Amino acid sequence: SFRDAEVLSRLASVGEIATGVAHEVRNPLTSVKGLLQLLKEEYDYKHWDVIFSELDQAIATIQSLLTVSKPSLQSEALTDFSLCVELENILSLFQHDSYRIQFKKHWFDKSTKIRGKRNQIKQALFNLIKNACEAIETTGAVSLTHRRINDYVELTITDTGVGIAEKDISRIGVPFFTTKPDGTGMGLAQVYSVLYENGGSVDVHSELGHGTTFTIRMPVSPLYTTTDFGGITPRMDIHL
Ligand code: ADP
Ligand code: MG
């Protein structure tokens, strides 16, 4: 589709920019920060806090760019694993949010495995859950469903958060596009790139003020495919 072609062309440039620029920029930024810290010890200046927070923001952005293009991850081997088992582990990293966010898990066909680059995909799942939690300003729920549909595994992540404005839908996933004051805009760029590179897809549906659903699909590992389409998991309605 149009969206796919557009995403893929953006992604090709993410890697190039990342490797070319990130290393060149990170090191001098880090040196400047070190030198400024020395200056700060000697001189009183009311804007030090702003200088350091802006600098840290720039360094974090560069760092996230390097994480997306990490060569060790690009050359990762393919393995067979269950998406919802990984998700289960990732959710434990968000336990500190459980006082305000209810995590609802609906695991169908838990043992069905996909084939892909596990660490990359784990990072993508982490980015999606992080966004879902950040979208919920006070309290709410993040619902997760995992099901097999023919030879695909479908995972939906639905939050009751702020939602995405219609004008922004086409911009999410563009590197550096963020609506958060301290966002990097690299999370979804990583998600789209990893899912497409692993033969999967990403869809988003959102209602401003109500919430957002991200749907990711990955082909089932060849070890688990079957020509028998008799056992399709029934669709479940998701109410935002
Ligand atoms: P960041 O989280 O650093 O802003 P991302 O690439 O992860 O960067 O997300 C880009 C933007 O997409 C966010 O700033 C936000 O506007 C929007 N977004 C992503 N996920 C959600 C979500 N679950 N609910 C609402 N907005 C979202
Ligand atoms: Mg994010």
Side-chain angles (χ1 to χ4, degrees), residues 3 6-15 17-18 22 26 53-70 73 87 90-91 93-94 96-98 100-105 120-146 154-197 200-217 238-240:
R3 172 83 179 137
E6 196 191 6
V7 167
L8 282 174
S9 68
R10 275 179 207 150
L11 296 172
S13 55
V14 182
I17 300 167
R26 186 179 57 168
S53 78
E54 293 294 304
L55 209 49
D56 284 338
Q57 171 71 42
I59 292 168
T61 303
I62 293 294
Q63 190 56 48
S64 63
L65 202 51
L66 285 171
T67 313
V68 172
S69 65
K70 225 184 221 170
L73 284 184
L87 207 53
I90 288 164
L91 284 179
L93 303 174
F94 290 87
H96 61 275
D97 277 315
S98 60
R100 65 181 194 100
I101 298 173
Q102 195 191 351
F103 294 99
K104 300 177 183 174
K105 297 175 283 189
Q120 286 190 348
I121 293 168
K122 274 165 69 173
Q123 179 69 51
L125 297 178
F126 176 88
N127 292 344
L128 288 168
I129 303 287
K130 185 164 182 282
N131 282 343
C133 293
E134 287 170 354
I136 297 171
E137 286 170 333
T138 52
T139 59
V142 174
S143 307
L144 305 147
T145 71
H146 177 276
E154 184 185 271
L155 180 74
T156 64
I157 300 173
T158 299
D159 65 66
T160 59
V162 293
I164 303 170
E166 202 156 327
K167 66 170 174 53
D168 290 338
I169 284 279
S170 62
R171 305 173 70 195
I172 61 166
V174 175
F176 305 117
F177 174 76
T178 181
T179 57
K180 299 170 192 171
D182 54 357
T184 62
M186 289 307 295
L188 286 179
Q190 192 270 354
V191 170
Y192 282 107
S193 114
V194 162
L195 265 296
Y196 282 85
E197 280 168 18
S201 67
V202 187
D203 270 312
V204 58
H205 177 80
S206 189
E207 266 182 78
L208 204 56
H210 289 279
T212 304
T213 296
F214 277 89
T215 302
I216 70 176
R217 292 191 190 88
I238 297 161
H239 299 285
L240 292 179

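In each ligand, atom 1 is the first atom listed, and ligand 1 is the first ligand listed. In this text, all values refer to a predicted model and were calculated from it rather than measured experimentally.
- Remark: the Asn131 side chain and the Lys180 side chain contain an N/O donor-acceptor pair separated by less than 3.5 Å.
- Not one N or O on the side chain of Thr213 forms a donor-acceptor pair closer than 3.5 Å with the backbone of Val204.
- Among the atoms of Asn131, an N, O or S atom falls under 2.8 Å of the Mg ion (ligand 2).
- For Lys104, the NZ atom counts as loosely surrounded, since its 6.0 Å shell holds 12 or fewer non-hydrogen atoms of other residues, nucleotides or ligands.
- For ligand 1, the 4.0 Å heavy-atom shell takes in Asn131, Ala132, Glu134, Ala135, Asp159, Gly163, Ile164, Ile172, Phe177, Thr178, Thr179, Lys180, Gly183, Thr184, Gly185, Met186, Gly187, Leu188, Thr212, Phe214, ordered by chain and residue number.
- Using a 4.5 Å heavy-atom threshold, the side chains of Thr179 and Ile164 count as separate.
- Under a 3.5 Å cut-off, the side chain of Gln102 and the backbone N or O of Thr139 do not form any donor-acceptor pair.
- Two residues are said to be in side-chain contact when any heavy atoms from C-beta on lie closer than 4.5 Å; Ile172 and Phe177 meet this criterion.
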